[in-house]
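Proteins come first, then strands; the chains are lettered A, B, ... in the order of their sequence lines, and each starts at number 1.
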Number of protein chains: 2
Amino acid sequence: MARSAEQPAPEMRDRILSEATRLFATRGFESTTIQAVAEAVGIRAPSVIHHFPSKAALREQVVEDLMSHWKNEIPRLLTAARSGEDRLSSALEALVQFLMADPYRARLALRELLDRPGETRGLIEQHLLPWMPLVTDYIRLGQQTGVVREDVDPESYVVEVIIMAISTVALGEVLDTVQSRDDEDRLSAMIRELVRMARDSLFVGGEPA
Amino acid sequence: MARSAEQPAPEMRDRILSEATRLFATRGFESTTIQAVAEAVGIRAPSVIHHFPSKAALREQVVEDLMSHWKNEIPRLLTAARSGEDRLSSALEALVQFLMADPYRARLALRELLDRPGETRGLIEQHLLPWMPLVTDYIRLGQQTGVVREDVDPESYVVEVIIMAISTVALGEVLDTVQSRDDEDRLSAMIRELVRMARDSLFVGGEPA
DNA sequence: CCTACCGATCGGTAGG
DNA sequence: CCTACCGATCGGTAGG
């Protein structure tokens, strides 16, 4: 009779969050019923509601968990490489790695951007925007020293690269069959081309060898 | 008594399609009720079902209309400019113009890619893929003549550019407030940067001036 | 965490 | 194109 009484199964809440994340990312919030989440974790629908006051609250927590992941990773991404001019390329590759580590991250982000533009914009302004100057100042510095193209619009460039990375990873599953490849899967080729495009459209001159 | 009998209101069907497109694009298919579509055109829900056998059939027609638009526009996009090496840039600007002409096109495409990857992939293979070689062969020709970078992966490049264009236009509303601008709106700056990135990551050398 | 249950809303039908 | 209506499912509550 030590620890059997009424403790609410410590890991159950996390399991619900995990399955809800997966389902919201793949099917979308509206298409996912509480019952589907319950079934995925092996319980009944009302038990899900016991852990989260409402379906909306469940979504909120799922999104918040995603954002806190971002908040933790961003400093790591931005300091991913210190090898001078190649720093931005390495940061981008780290971003892609981060996105591909959990296949639901990119898809969930894209869905939230489409479904709740206002709320998501608020989250972006809160958590992502403060880091922007750190990157754009670095790009402007590169423009002054002549290694970065003069006609680059730093803010637009950064946002475009992030959009490209998120969209590519999120849609990778679909795009994977656009063309068959023998040597490797399509998504890897896309990611590699993405990194190349970001690099070659930023720095002046030809290949960095 | 000439034309009052039982003709099913010729323009009503198109009005339903138009409002359904707008609602599916902005809120998503699952979040859009037949009632909401009916209300938008000023009729009752059962009258919508009279024009389309089911909600799914309405979606099918909306998507088919979008695809037929694409099919008509693609030849025009690909022959948008004949001024030699700048041809691809002009084609891209034409693509962006096409996407921005109807704000719901990009958002609907992105939603369909997320919600129904299998079906959408089929539509892409049918309608878009046949045009791919026309672009990729042109890029490969440019690689042989030395105007296009050697390390460009033609197929990946084309898909990335299309993804970037669709995503940018679709998310433009959200991104518009990432940073305030005095001279022009954020989306225009994003589009211009997108075109620049596509150009500078494709061709060798500095600015074409 | 379960069973039993409910009001609301959904897509769709009947029948003019 | 409308009113009247229905079975199914949804999110959520009650009460253990």
Please give, in whole Å, the distance from [N] [atom2] to [X] [atom1]?
X	N	atom1	atom2	answer
A/Gln35	D/dG11	CD	P	9 Å
B/Phe24	C/dG11	CZ	P	9 Å
A/Leu23	D/dG11	CG	P	12 Å
B/Ile49	D/dC5	CD1	P	20 Å

Cationic N near anionic O, under 4.0 Å, A/Arg196 to A/Asp200: yes

Lys/Arg-Asp/Glu bridge criterion (N-O < 4.0 Å) met for A/Asp65, A/Arg105: no

Heavy-atom side-chain proximity of A/Arg59 to A/Arg116 below 4.5 angstrom: yes

Minimum side-chain heavy-atom gap A/Ile191-A/Ser188 below 4.5 Å: no

Between [options], which nucleotide gets closest to the side-chain atoms of [X]?
X	options	value
A/Ile43	D/dC2, C/dG12, C/dC1	C/dC1
A/Pro46	C/dA4, C/dG11, C/dC1	C/dA4
A/His50	C/dC1, C/dA14, D/dG11	C/dC1

By side chain to side chain contact (heavy atoms under 4.5 Å, CB included) - contacts of A/Pro133 (at least two apart): A/Thr136, A/Asp137

Secondary-structure notation, DNA chain D, from Watson-Crick and G-U pairs under 3.5 angstrom (| other strand): ||||||||||||||||

Earlier contact from the 5' end, DNA chain D, for A/Ala56 and B/Arg44: B/Arg44

Side-chain (B/Gln61) to main-chain (B/Phe52) donor-acceptor, under 3.5 angstrom: no

Presence of A/His51 side-chain N/O under 4.0 Å of C/dC1 phosphate oxygens OP1/OP2: yes

Sugar-phosphate, base or nothing in reach of A/Thr32, heavy atoms under 4.0 Å: sugar-phosphate

